[in-house]
Asker: 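This is the structure I want to talk about, given as structure tokens.
Model, not experiment: these values are computed from the prediction. Convention: sequence-line order gives letters A, B, ...; per-chain numbering from 1.
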2 protein chains.
Amino acid sequence: MTSSPLACATCPVRDRAACSALGGEERADLARLGRHRTLVPGEVLFAADEDNDRCATLVRGALKISATERDGSERILSLVHPAGFVGELFAPVARFEVAALTASEVCLFSRREYEAAVERYPALARALLRRSSEDLFDLRSLVGIVGRHSAREKMAAFLLAMARAASSSPCQPAASFDLPLSRAEIGGMLGLTIETVSRQLTALEKSGAIRRVGLRGIELVDAAQLGS
Amino acid sequence: MTSSPLACATCPVRDRAACSALGGEERADLARLGRHRTLVPGEVLFAADEDNDRCATLVRGALKISATERDGSERILSLVHPAGFVGELFAPVARFEVAALTASEVCLFSRREYEAAVERYPALARALLRRSSEDLFDLRSLVGIVGRHSAREKMAAFLLAMARAASSSPCQPAASFDLPLSRAEIGGMLGLTIETVSRQLTALEKSGAIRRVGLRGIELVDAAQLGS
DNA sequence: CGACATATTGATCCGGTTCAAAGCTAGTGG
DNA sequence: CCACTAGCTTTGAACCGGATCAATATGTCG
């Protein structure tokens, strides 16, 4: 939506994002290459099959990376949380779409210039490598969740993953959080229909595992019931 | 299984693996850190919840990265092809198991020493970053496959992905190839039972999309029917 | 050849999809 | 401020695809 120069000094992810690996002058150099931008919910940051000439770090909010099937249905492939990096470096075209789930803020870079910076600053390359390793881990976990057999297991594991992602402390799941996704998006992610997602949530609530507050709020009542 | 010094000169992935980014002397240095090792089918390279003090590059064969569910069933989270890198850098413990699907050969490194090399040689860091980007792409594709609704679609997309992986040319799927996985492993990967996998394969053969040769051989007869 | 593991095929059952309708929620404008 | 709409969510009923249980077939290795 809007676009303006970076203000790293007040950036909430200034010591977690990839750029935090850089020292004073180098960081200032990188900051000159980027622009701050806000996104409204649903706004598309990168479209699929587009030029792929940009990349970004998420500062605030949440993004989704998704593909659109031949039949027109959307399939979410990953969620991006603050300090996350998006953009397919090294690839000629972007094959996935990146869009905002909630009101978000990003630092936007030209891909060419960012790749040059990766070349110039080894610490940036290593920081991105570290991020990628985490992304790989998250994605493998997601494969494990989506590949489960029953809808109940999928929803339970999904909720746990969301609780962990929402938590500030590394491993401890958050006791209550808001789902950043609509039922349709959850269904598209887990290979379930909207109706099944809804039914599983009511079932989990009836069995005392969770409590729903409003339409998107979740409270973990009995995390053990969700599978640890 | 066996273990011996590296012989980069005759390595089949010498110009595709991460180490190929290094020049003469640097490469020789890295080679001194690693050991060549062969694996028999099913042999475990890294166990889950273990020390995680090693990493490796696959030279020949195929590996699987998997997790074991509470109920004891195995869930395959990614396949690794020659030139692929395995090992969770930066993580304190390995959370997934890595094992050989077929007879394989790897270059095995101490994780500590490899991380030091990444620190020392920026080109290695960038090469690993490039590899990770590809792995991320493959894994997102896998999430898309596993998240599909019908068993038919899952199998079709899976076969196409395998055909592409088996192909030497980048995008063109191989016309015929061998599945490196048993039915149980395919099922565990896609969230299907052994029986369903078997039935889908016979159905795909009857409809003329594929031809099965022996137990694991697949010939693509009509790739379009598999979804492009 | 014989024995074991893996794969295929068949019959039944259940969970998740599908189709349909009614509740909610939030946003809009009178 | 409230009525009203549009989109999302929940709930219900019927159907169907995949799971499950069971038996047979095929391949593999001693």
Side-chain angles (χ1 to χ4, degrees), chain A residues 40-43 64 69 71-76 101-103 145-159 162 178-207 210-218, chain B residues 40-43 64 69 71-76 101-103 145-159 162 178-207 210-218:
Chain A
V40 297
E43 187 173 356
K64 63 179 175 185
E69 305 294 323
D71 67 6
S73 67
E74 179 194 50
R75 184 162 300 292
I76 295 185
L101 285 167
T102 64
I145 292 172
V146 174
R148 285 181 144 74
H149 291 277
S150 76
R152 180 61 158 276
E153 284 180 305
K154 289 187 191 183
M155 273 307 300
F158 172 77
L159 287 177
M162 296 304 296
D178 273 14
L179 292 170
L181 300 168
S182 69
R183 301 291 184 262
E185 289 169 322
I186 297 173
M189 196 156 174
L190 301 180
L192 300 172
T193 59
I194 305 174
E195 295 92 327
T196 302
V197 171
S198 183
R199 279 188 251 268
Q200 292 305 328
L201 283 173
T202 54
L204 284 169
E205 183 166 39
K206 278 214 196 91
S207 79
I210 62 169
R211 207 169 73 79
R212 284 183 291 181
V213 18
L215 216 44
R216 294 192 159 194
I218 298 286
Chain B
V40 298
E43 188 174 355
K64 64 178 175 185
E69 304 294 324
D71 66 9
S73 66
E74 179 194 51
R75 184 161 299 292
I76 295 185
L101 285 168
T102 63
I145 292 171
V146 174
R148 284 181 144 74
H149 291 277
S150 76
R152 181 64 158 274
E153 286 181 303
K154 288 186 193 184
M155 273 307 300
F158 172 76
L159 287 177
M162 296 306 295
D178 273 15
L179 292 170
L181 301 168
S182 69
R183 301 291 183 262
E185 288 169 321
I186 297 173
M189 196 157 174
L190 300 179
L192 300 172
T193 58
I194 306 175
E195 296 93 326
T196 301
V197 171
S198 183
R199 277 188 251 270
Q200 292 305 327
L201 282 174
T202 55
L204 285 170
E205 184 166 39
K206 279 214 196 92
S207 79
I210 63 170
R211 207 169 74 78
R212 282 184 291 181
V213 16
L215 216 44
R216 292 189 163 196
I218 298 285

Asker: Ile194(A) has an atom CD1; how far is it from atom P of dA22(C), in whole Å?
Answerer: 19 Å
Asker: In whole angstrom, what separates Leu215(B)'s CG from dA5(C)'s P?
Answerer: 16 Å
Asker: Please report, rounded to the nearest Å, how far the C1' atom of dC24(C) is from the CG atom of Leu201(A).
Answerer: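 So the two atoms are 16 Å apart, to the nearest Å.
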Asker: Calculate the interatomic distance between Lys154(B) atom NZ and dG16(C) atom P; express it in whole Å.
Answerer: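 Taking atom P of dG16(C) as the reference, NZ of Lys154(B) is at 12 Å.
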Asker: Can you give one letter per nucleotide of nucleotides 13-23 of chain D, 5' to 3': B if a protein heavy atom sits under 4.0 Å from the base, S if only from the sugar-phosphate, - if neither?
Answerer: B----SSBB--
Asker: Output the rounded distance in Å from CG (Leu181(A)) to C1' (dG7(D)).
Answerer: 17 Å
Asker: Any sub-3.5 Å donor-acceptor pair from Gln200(B)'s side-chain atoms to Met155(B)'s backbone N or O?
Answerer: no
Asker: Is it true that a side-chain atom of Arg75(B) and a backbone atom of Gly147(A) form a donor plus acceptor pair closer than 3.5 Å?
Answerer: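 Yes: the side chain of Arg75(B) pairs with the backbone of Gly147(A).
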Asker: Between Leu159(A) and Leu179(A), is any pair of side-chain heavy atoms under 4.5 Å apart?
Answerer: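 The answer is yes, as the side chains (C-beta and beyond) meet within the 4.5 Å cut-off.
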Asker: Could you tell me whether a side-chain N or O of Lys64(B) sits under 3.5 Å from a main-chain N or O of Ile76(B), the two making a donor and an acceptor?
Answerer: no
Asker: Please give, in whole Å, the distance from dG15(C) P to Arg148(A) CZ?
Answerer: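 Atom CZ in Arg148(A) sits about 18 Å away from atom P in dG15(C).
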Asker: Within the structure provided, determine whether Phe158(B) and Leu181(B) are in side-chain contact (heavy-atom separation under 4.5 Å).
Answerer: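 In contact.
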Asker: State which of dT9(D), dA7(C), dT9(C) makes the closest approach to the side chain of Thr202(B).
Answerer: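 Nearest nucleotide to the side chain: dT9(C).
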Asker: Once you round it to whole Å, what is the distance between P of dT6(C) and CG of Leu179(B)?
Answerer: 16 Å
Asker: In Å, rounded to the nearest 0.5 Å, how long is the span from NZ of Lys206(A) to CZ of Arg199(A)?
Answerer: 11.0 Å
Asker: Starting at atom CZ of Arg183(B), determine the distance to atom C1' of dT9(C), rounded to an integer number of angstrom.
Answerer: 14 Å
